[in-house]
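This report concerns only the one structure given below.
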Amino acid sequence: MSDYQITPLDHDDIERITAIEQRAHLFPWSASQLAVSPRQFDYHYVLRLATTPSTIIGYFYARCIAGEGEVLNIAIDPDYQGQGWGWVLLNGMITTLRHVGADSIWLEVRESNIPAKALYQKHGFRVVHRRQQYYRCADGHREDAWIMEKRLT
Ligand SMILES: CC(C)(COP(=O)(O)OP(=O)(O)OC[C@H]1O[C@@H](n2cnc3c(N)ncnc32)[C@H](O)[C@@H]1OP(=O)(O)O)[C@@H](O)C(=O)NCCC(=O)NCCS
(Lines give C-alpha, C1' and ligand atoms only; values in the text may rest on other atoms or scores of the structure.)
Protein backbone atom coordinates (compact mmCIF):
# COMPACT_ATOMS: atom_id res chain seq x y z
CA MET A 1 0.00 0.00 0.00
CA SER A 2 1.41 3.41 -0.98
CA ASP A 3 1.60 6.50 1.21
CA TYR A 4 -1.62 8.38 1.73
CA GLN A 5 -3.18 11.42 3.38
CA ILE A 6 -6.68 11.95 4.74
CA THR A 7 -7.39 15.66 4.55
CA PRO A 8 -10.41 17.98 4.35
CA LEU A 9 -12.14 18.11 1.01
CA ASP A 10 -11.66 21.25 -1.05
CA HIS A 11 -14.16 22.74 -3.48
CA ASP A 12 -11.73 21.98 -6.32
CA ASP A 13 -12.09 18.25 -5.48
CA ILE A 14 -15.81 18.09 -6.25
CA GLU A 15 -15.40 17.18 -9.93
CA ARG A 16 -13.14 14.22 -9.11
CA ILE A 17 -15.33 13.18 -6.17
CA THR A 18 -18.43 13.31 -8.37
CA ALA A 19 -16.76 11.03 -10.93
CA ILE A 20 -15.94 8.47 -8.22
CA GLU A 21 -19.42 8.80 -6.71
CA GLN A 22 -21.09 8.02 -10.04
CA ARG A 23 -19.04 4.86 -10.52
CA ALA A 24 -19.13 3.68 -6.90
CA HIS A 25 -22.81 4.04 -6.02
CA LEU A 26 -25.98 2.65 -7.55
CA PHE A 27 -27.82 5.86 -6.67
CA PRO A 28 -25.09 8.51 -6.52
CA TRP A 29 -25.30 11.93 -4.93
CA SER A 30 -25.25 14.76 -7.47
CA ALA A 31 -22.34 17.18 -7.77
CA SER A 32 -24.41 19.86 -6.03
CA GLN A 33 -25.27 17.50 -3.16
CA LEU A 34 -21.60 16.59 -2.80
CA ALA A 35 -20.57 20.25 -2.92
CA VAL A 36 -23.18 21.91 -0.79
CA SER A 37 -24.98 19.73 1.68
CA PRO A 38 -22.03 18.72 3.85
CA ARG A 39 -20.82 22.30 4.06
CA GLN A 40 -24.03 23.82 5.35
CA PHE A 41 -23.36 22.99 8.96
CA ASP A 42 -20.21 23.11 11.00
CA TYR A 43 -20.83 19.68 12.51
CA HIS A 44 -20.15 17.98 9.17
CA TYR A 45 -16.81 16.36 8.43
CA VAL A 46 -15.85 15.75 4.83
CA LEU A 47 -12.47 14.24 4.16
CA ARG A 48 -10.67 12.85 1.14
CA LEU A 49 -8.21 9.98 0.91
CA ALA A 50 -5.39 10.66 -1.55
CA THR A 51 -2.17 8.86 -2.49
CA THR A 52 -0.68 12.06 -3.94
CA PRO A 53 -2.04 15.61 -3.51
CA SER A 54 -3.99 15.28 -6.74
CA THR A 55 -4.84 11.57 -6.70
CA ILE A 56 -8.06 11.22 -4.73
CA ILE A 57 -9.11 7.60 -4.31
CA GLY A 58 -11.90 7.91 -1.75
CA TYR A 59 -13.80 10.16 0.62
CA PHE A 60 -16.27 10.20 3.45
CA TYR A 61 -19.05 12.49 4.62
CA ALA A 62 -19.97 12.23 8.28
CA ARG A 63 -21.44 14.34 11.02
CA CYS A 64 -21.51 14.42 14.78
CA ILE A 65 -24.39 15.83 16.81
CA ALA A 66 -24.65 15.53 20.60
CA GLY A 67 -22.10 12.74 20.76
CA GLU A 68 -23.67 10.70 17.96
CA GLY A 69 -21.56 10.25 14.86
CA GLU A 70 -23.30 9.38 11.62
CA VAL A 71 -21.86 8.11 8.34
CA LEU A 72 -23.53 9.93 5.44
CA ASN A 73 -21.42 8.69 2.57
CA ILE A 74 -18.22 6.71 2.10
CA ALA A 75 -16.68 5.43 -1.09
CA ILE A 76 -13.46 4.15 -2.58
CA ASP A 77 -12.81 4.57 -6.31
CA PRO A 78 -13.74 1.19 -7.87
CA ASP A 79 -10.25 1.01 -9.42
CA TYR A 80 -8.80 0.95 -5.89
CA GLN A 81 -11.34 -1.26 -4.11
CA GLY A 82 -10.32 -4.53 -2.53
CA GLN A 83 -6.83 -3.27 -1.65
CA GLY A 84 -7.40 -2.21 1.96
CA TRP A 85 -8.23 1.45 1.29
CA GLY A 86 -11.78 1.18 2.66
CA TRP A 87 -10.33 -0.08 5.92
CA VAL A 88 -7.91 2.89 6.00
CA LEU A 89 -10.65 5.39 5.22
CA LEU A 90 -13.08 3.99 7.80
CA ASN A 91 -10.29 4.11 10.39
CA GLY A 92 -9.78 7.77 9.47
CA MET A 93 -13.48 8.48 9.90
CA ILE A 94 -13.63 6.76 13.29
CA THR A 95 -10.59 8.72 14.46
CA THR A 96 -12.14 11.98 13.22
CA LEU A 97 -15.49 11.37 14.90
CA ARG A 98 -13.89 10.22 18.13
CA HIS A 99 -11.77 13.39 18.12
CA VAL A 100 -14.86 15.64 17.86
CA GLY A 101 -16.62 13.89 20.74
CA ALA A 102 -18.62 11.01 19.25
CA ASP A 103 -19.57 8.29 21.76
CA SER A 104 -21.05 6.13 19.01
CA ILE A 105 -21.23 5.95 15.23
CA TRP A 106 -24.40 5.09 13.31
CA LEU A 107 -24.90 4.20 9.69
CA GLU A 108 -27.35 2.56 7.36
CA VAL A 109 -26.45 0.17 4.57
CA ARG A 110 -28.31 -1.82 1.93
CA GLU A 111 -28.80 -5.45 2.84
CA SER A 112 -27.31 -6.43 -0.54
CA ASN A 113 -24.12 -4.39 -0.04
CA ILE A 114 -21.92 -7.30 0.99
CA PRO A 115 -18.53 -5.47 0.82
CA ALA A 116 -19.73 -2.54 2.96
CA LYS A 117 -21.47 -4.78 5.51
CA ALA A 118 -18.34 -6.92 5.81
CA LEU A 119 -16.15 -3.84 6.23
CA TYR A 120 -18.38 -2.42 8.96
CA GLN A 121 -18.67 -5.73 10.80
CA LYS A 122 -14.92 -6.16 10.65
CA HIS A 123 -14.65 -2.73 12.30
CA GLY A 124 -16.97 -3.76 15.13
CA PHE A 125 -20.26 -2.28 13.94
CA ARG A 126 -23.28 -4.36 14.95
CA VAL A 127 -26.75 -4.51 13.47
CA VAL A 128 -29.27 -2.80 15.75
CA HIS A 129 -32.29 -2.58 13.47
CA ARG A 130 -33.55 -3.44 10.00
CA ARG A 131 -35.76 -0.99 8.10
CA GLN A 132 -37.99 -3.15 5.96
CA GLN A 133 -38.06 -2.37 2.23
CA TYR A 134 -36.32 0.93 2.84
CA TYR A 135 -34.21 1.30 -0.31
CA ARG A 136 -35.40 1.15 -3.89
CA CYS A 137 -33.40 -1.08 -6.24
CA ALA A 138 -32.44 -0.61 -9.88
CA ASP A 139 -35.04 -3.20 -10.93
CA GLY A 140 -37.88 -1.40 -9.17
CA HIS A 141 -37.99 -3.73 -6.17
CA ARG A 142 -37.12 -2.60 -2.67
CA GLU A 143 -34.68 -3.94 -0.08
CA ASP A 144 -34.05 -3.61 3.64
CA ALA A 145 -31.68 -1.17 5.28
CA TRP A 146 -29.46 -2.39 8.08
CA ILE A 147 -28.97 0.19 10.82
CA MET A 148 -25.56 -0.43 12.38
CA GLU A 149 -23.84 1.08 15.42
CA LYS A 150 -20.35 1.08 16.83
CA ARG A 151 -19.81 2.21 20.44
CA LEU A 152 -16.66 4.28 20.96
CA THR A 153 -16.80 4.42 24.75
C1 LIG B 1 -17.48 -0.49 0.89
C2 LIG B 1 -16.15 0.00 0.36
C3 LIG B 1 -15.87 1.43 0.90
C4 LIG B 1 -15.02 -0.94 0.82
O5 LIG B 1 -13.77 -0.41 0.34
P6 LIG B 1 -12.57 -1.37 -0.11
O7 LIG B 1 -11.38 -0.52 -0.30
O8 LIG B 1 -12.99 -2.20 -1.26
O9 LIG B 1 -12.41 -2.31 1.18
P10 LIG B 1 -11.06 -2.98 1.71
O11 LIG B 1 -10.23 -3.47 0.56
O12 LIG B 1 -10.40 -2.06 2.68
O13 LIG B 1 -11.63 -4.24 2.51
C14 LIG B 1 -11.86 -4.16 3.89
C15 LIG B 1 -12.82 -5.25 4.29
O16 LIG B 1 -14.08 -5.01 3.67
C17 LIG B 1 -14.67 -6.25 3.31
N18 LIG B 1 -14.79 -6.34 1.84
C19 LIG B 1 -14.27 -5.48 0.93
N20 LIG B 1 -14.62 -5.87 -0.32
C21 LIG B 1 -15.36 -6.99 -0.18
C22 LIG B 1 -16.03 -7.85 -1.09
N23 LIG B 1 -16.01 -7.64 -2.42
N24 LIG B 1 -16.74 -8.91 -0.59
C25 LIG B 1 -16.79 -9.14 0.74
N26 LIG B 1 -16.17 -8.34 1.66
C27 LIG B 1 -15.47 -7.29 1.21
C28 LIG B 1 -13.77 -7.33 3.85
O29 LIG B 1 -14.15 -7.60 5.20
C30 LIG B 1 -12.43 -6.63 3.84
O31 LIG B 1 -11.52 -7.19 4.73
P32 LIG B 1 -10.56 -8.40 4.25
O33 LIG B 1 -9.87 -7.93 3.02
O34 LIG B 1 -9.63 -8.59 5.40
O35 LIG B 1 -11.46 -9.55 3.99
C36 LIG B 1 -16.12 0.01 -1.21
O37 LIG B 1 -16.51 -1.27 -1.65
C38 LIG B 1 -17.01 1.05 -1.84
O39 LIG B 1 -16.62 2.21 -2.01
N40 LIG B 1 -18.23 0.62 -2.25
C41 LIG B 1 -19.16 1.50 -2.98
C42 LIG B 1 -19.74 2.57 -2.08
C43 LIG B 1 -20.47 1.96 -0.91
O44 LIG B 1 -21.14 0.97 -1.01
N45 LIG B 1 -20.33 2.65 0.24
C46 LIG B 1 -20.97 2.23 1.48
C47 LIG B 1 -22.37 2.69 1.53
S48 LIG B 1 -23.14 2.27 3.08
Side-chain angles (χ1 to χ4, degrees), residues 1-9 13-39 43-65 68-98 102 104-152:
M1 181 173 288
S2 50
D3 286 346
Y4 64 88
Q5 283 194 319
I6 299 178
T7 52
L9 196 74
D13 300 328
I14 296 301
E15 194 176 331
R16 171 70 181 138
I17 294 287
T18 303
I20 296 175
E21 174 78 6
Q22 286 173 348
R23 292 191 302 122
H25 284 288
L26 195 56
F27 295 99
W29 288 9
S30 66
S32 58
Q33 284 174 305
L34 290 164
V36 177
S37 52
R39 291 170 177 273
Y43 50 78
H44 279 94
Y45 304 94
V46 184
L47 279 81
R48 76 214 273 274
L49 169 65
T51 50
T52 73
S54 60
T55 311
I56 301 171
I57 64 168
Y59 49 88
F60 72 76
Y61 288 60
R63 66 184 171 196
C64 182
I65 304 172
E68 281 194 358
E70 186 182 359
V71 182
L72 304 173
N73 193 345
I74 182 168
I76 295 292
D77 183 328
D79 290 344
Y80 290 85
Q81 288 178 11
Q83 301 170 33
W85 291 114
W87 175 261
V88 166
L89 186 59
L90 191 57
N91 261 333
M93 175 159 52
I94 291 168
T95 301
T96 301
L97 290 173
R98 195 191 293 273
S104 61
I105 303 179
W106 295 77
L107 60 83
E108 61 184 43
V109 57
R110 287 175 180 272
E111 187 168 33
S112 63
N113 194 341
I114 306 295
K117 285 182 352 188
L119 173 65
Y120 299 141
Q121 283 172 324
K122 197 175 160 187
H123 261 281
F125 284 81
R126 64 189 181 90
V127 183
V128 292
H129 182 58
R130 292 181 193 215
R131 288 198 184 124
Q132 306 283 321
Q133 308 291 294
Y134 183 74
Y135 287 114
R136 74 187 159 94
C137 307
D139 65 2
H141 288 87
R142 300 193 77 84
E143 66 173 311
D144 293 355
W146 283 20
I147 310 299
M148 303 183 79
E149 182 203 21
K150 178 182 171 70
R151 301 289 316 167
L152 299 182

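For ligands, and for the atoms within them, numbers begin at 1 and follow the listed sequence. Since the model is a prediction, treat every value here as computed from it, not as a measurement. Only heavy atoms go into these numbers, but all of them, side chains included; no hydrogens, no water, no symmetry mates.
- With ligand atoms numbered from 1 in the order given, ligand 1 contributes 11 (O) to contacts under 4.0 Å with heavy atoms of Gln83.
- Closest to atom 3 (C) of ligand 1, if we only count protein heavy atoms, is Ile76 CG1, 4.0 Å.
- Here the protein heavy atom with the shortest distance to atom 44 (O) of ligand 1 is Asn113 ND2, 2.7 Å.
- For ligand 1, the polar-atom distance check finds an N/O of Gly84 within less than 3.5 Å of one of the ligand's N/O atoms.
- Between Tyr80 and ligand 1, a contact under 3.5 Å exists for no N or O pair.
- One option in Ala118, Pro78, Gly58 has a heavy atom closer to atom 29 (O) of ligand 1 than any other, and that option is Ala118.
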Taking it one step at a time, do Phe125 and Trp106 satisfy ring-ring contact (aromatic ring centres under 6.0 Å, His included)? CA-CA 8 Å; Phe125 284 81; Trp106 295 77; 9.8 Å; no
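- Contacts with ligand 1 closer than 4.0 Å are made by no heavy atom of Leu90, backbone or side chain.
- Separation of atoms NE2 (His123) and CH2 (Trp87) is listed at 4.0 Å; rounding is to 0.5 Å.
- Atom OH of Tyr120 and atom CG of Leu90 lie 6.5 Å apart (nearest 0.5 Å).
- Distances between N or O atoms of Ile74 and those of ligand 1 include at least one value under 3.5 Å.
- Counting heavy atoms of neighbouring residues, nucleotides and ligands inside a 6.0 Å radius, atom CG of Asp3 does not exceed 12 of them.
- Counting atoms of ligand 1 from 1 in the listed order, those under 4.0 Å from a heavy atom of Ala116 are 1 (C), 46 (C).
- In this structure, Gln133 places its CD atom where more than 12 heavy-atom neighbours from other residues, nucleotides or ligands lie under 6.0 Å away.
- With no hydrogens or angles considered, a side-chain donor-acceptor pair links Glu143 and Ser112 at under 3.5 Å.
- Ligand-side atoms of ligand 1 in range of Lys122: 29 (O), 31 (O), 32 (P), 34 (O), range being under 4.0 angstrom from any heavy atom.
- The nearest pair of heavy atoms linking Ile20 to Ile76 is CG2-C, 4.2 Å.
- Summarising the geometry, atom CD1 belonging to Ile14 is positioned 10.5 Å from atom CD belonging to Glu21; distances are rounded to the nearest 0.5 Å.
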Hey, mind stepping through Asp144 and Arg131 against salt bridge (Lys or Arg N to Asp or Glu O under 4.0 Å) and telling me if it holds? CA-CA 5 Å; Asp144 293 355; Arg131 288 198 184 124; over 6 Å; no
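- Within the listing of ligand 1, atoms 48 (S) sit less than 4.0 angstrom from a heavy atom of Val109.
- Residues Trp85 and Tyr80 share a closest heavy-atom pair of CD1-O, 3.4 Å.
- Ranking the protein heavy atoms by distance from atom 40 (N) of ligand 1 puts Gln81 NE2, 3.6 Å first.
- Contacts between Tyr120 and ligand 1 below 4.0 angstrom, taking non-hydrogen atoms only, involve the side chain exclusively.
- At a 3.5 angstrom cut-off on N or O pairs, His25 does not count as close to ligand 1.
- Within the cation-pi definition used here (under 6.0 Å to the ring centroid, within 45° of the axis), Arg48 does not qualify as a partner of Tyr59.
- When each of Thr51, Leu89, Val88 is checked for a side-chain contact (heavy atoms from CB on, under 4.5 Å) with Ile57, only Thr51 meets the rule.
- Given atom 14 (C) of ligand 1, the protein heavy atom at minimum distance is Leu119 CD1, 3.6 Å.
- The protein heavy atom nearest to atom 8 (O) of ligand 1 is Gly82 N, 2.8 Å.
- Between Ala24 and ligand 1, a contact under 3.5 Å exists for no N or O pair.
- When the heavy-atom distances from atom 23 (N) of ligand 1 to Ala145, Pro115, Ala75, Gly86 are ranked, the shortest goes to Pro115.
- Taking 4.0 Å as the cut-off, Glu108 counts as a neighbour of ligand 1 on heavy-atom distance.
- Below 4.0 Å from some heavy atom of Trp87 lie the following atoms of ligand 1, by number and element: 12 (O).
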